[in-house]
Novice: 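My structure is below; once you've seen it, I'll send some questions.
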Amino acid sequence: MNNTDKIYSLAVAGVQKLIPYTPGKPIEELERELGLSNIIKLASNENPLGPGKKALAAIQATLKDLALYPDGNGFNLKLALAKKYAVDMNQITLGNGSNEILELVARAFLTPEFEVVFSQHAFAVYPIVTQAVGATAVVAPALHYGHDLDAMLQRVTDKTRLVFIANPNNPTGTLLDHVSLESFIQALPDTCVCVLDEAYCEFVGDQSADNSIVWLKKYPNLLITRTFSKAYGLAGLRVGYGLSSPQLADILNRVRQPFNNNMLALAAAEAALTDTEHLQNTISVNAQGMRFITEGFKKLELEWIPSAGNFVLVDLKQPGMPIYEALLRKGVIVRPVGVYELPNHLRITIGTHAENQLFLQALTEILSA
Ligand SMILES: *Cc1c(COP(=O)(O)O)cnc(C)c1O
């Protein structure tokens, strides 16, 4: 075969139309390109404080065992999560990042005859996992940049096998209240699995998180996904989890690869759960940084979307790409969101105070030039 493009026509139709996920630019790459040092990255919603001491100690203590396969059932981490959330261990599915859980649920439930409903401006991984298995993505228009639950429900038919909701949503930071959210889940047909992606739930504060866990008792078609990549500062290790009915977890477990979580990730995540000091510190640095950065936007007369996460979308009222590139030249990596149909916005991850200052200073210089 010498027609090199022929291979594209052989891929699943949905895959032919996919645009690959663009991650935040790595610091090393920008260093190579521009010969800069002191680069700061506020592009991937990582924890600016790094991993906690307890996680690091657990990794150190585990290194000697690396010749062995990890525990394929993740017993200790599941036990710790089960205690934390008062669920049974058989309600937990561990993933190589929560992205893997999103992929497992798509593989286990979708074929080309089914549809998947999610919102405009929602997390970019939803179309990827949907189209990768040949299913059809049905995108509901957003309302004030967030999920319009009524518009989503209107698009649910008997062909809909999955619904994705990110709460808070990435990249917009919007948050749904629990009353509307539960009404939505209740209104879904029992032939439709609801994935509630709570990657940022730790940042939400008290109105938050654990309401949704209670719903697991009522809705066997509900899958909650969470991660150690954001508030717990372990993005590099790739560990996330799903919470669901035991039946739904059993289904995911059938398609999961046996050793999908590595040994260092399992040990670090378990230890991170006990490090409440690091988590509290992370949450408070984020809250202070969010105030500081949004005050800075106000001074620059820029609008932003109020965010419940560890990042914020700023509206530049002009194309974001040139500003993104100007920030890169000053050694500040943020995230353009044109692929999310938000060409005039940039997404900024809240950093340490010093990073936030550098970012605002760079942005001020660029906008006043
Ligand atoms: C970051 C993120 C995730 C998960 O990331 P993992 O590192 O794979 O756990 C999931 N959903 C949303 C909305 C995110 O922003």
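Because the structure is a prediction, the values reported are computed rather than measured. Whatever order the structure lists them in is the order used to number ligands and atoms, beginning at 1.
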Novice: Is any side-chain heavy atom of Trp304 less than 4.5 Å from a side-chain heavy atom of Leu313?
Specialist: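 With C-beta onward as the side chain, the pair stays apart.
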Novice: Return a table of N or O atom pairs, ligand 1 on one side and protein on the other, at distances under 3.5 Å, rounded to 0.1 Å.
Specialist:
residue  : atom   : partner : partner atom : Å
ligand 1 : 7 (O)  : Ser229  : OG           : 2.6
ligand 1 : 7 (O)  : Arg238  : NH1          : 2.7
ligand 1 : 7 (O)  : Arg238  : NH2          : 3.3
ligand 1 : 8 (O)  : Ser98   : N            : 3.2
ligand 1 : 8 (O)  : Asn99   : N            : 3.0
ligand 1 : 8 (O)  : Asn99   : ND2          : 3.0
ligand 1 : 8 (O)  : Arg238  : NH2          : 2.8
ligand 1 : 9 (O)  : Ser98   : N            : 2.7
ligand 1 : 9 (O)  : Ser98   : OG           : 2.9
ligand 1 : 9 (O)  : Thr227  : OG1          : 2.5
ligand 1 : 9 (O)  : Ser229  : OG           : 3.4
ligand 1 : 11 (N) : Asp197  : OD1          : 3.1
ligand 1 : 11 (N) : Asp197  : OD2          : 2.6
ligand 1 : 15 (O) : Asn170  : ND2          : 2.7
ligand 1 : 15 (O) : Tyr200  : OH           : 2.6
ligand 1 : 15 (O) : Lys230  : NZ           : 3.2

Novice: For a 4.5 angstrom cut-off between non-hydrogen side-chain atoms, does Leu302 reach Asp315?
Specialist: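 Of all side-chain heavy-atom pairs linking Asp315 with Leu302, none is under 4.5 Å.
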Novice: Run the salt-bridge test on Lys25 and Glu33 with the 4.0 Å N-O cut-off and return the result as yes or no.
Specialist: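 Yes, Lys25 and Glu33 are salt-bridged.
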Novice: Does the pair Arg256/Glu100 count as a salt bridge with the N-to-O cut at 4.0 Å?
Specialist: no
Novice: So, are Lys230 and Glu46 salt-bridged, with charged N and O less than 4.0 Å apart?
Specialist: no
Novice: Evaluate whether atom CD of Glu277 has more than 12 neighbouring non-hydrogen atoms of other residues, nucleotides or ligands under 6.0 angstrom away.
Specialist: no
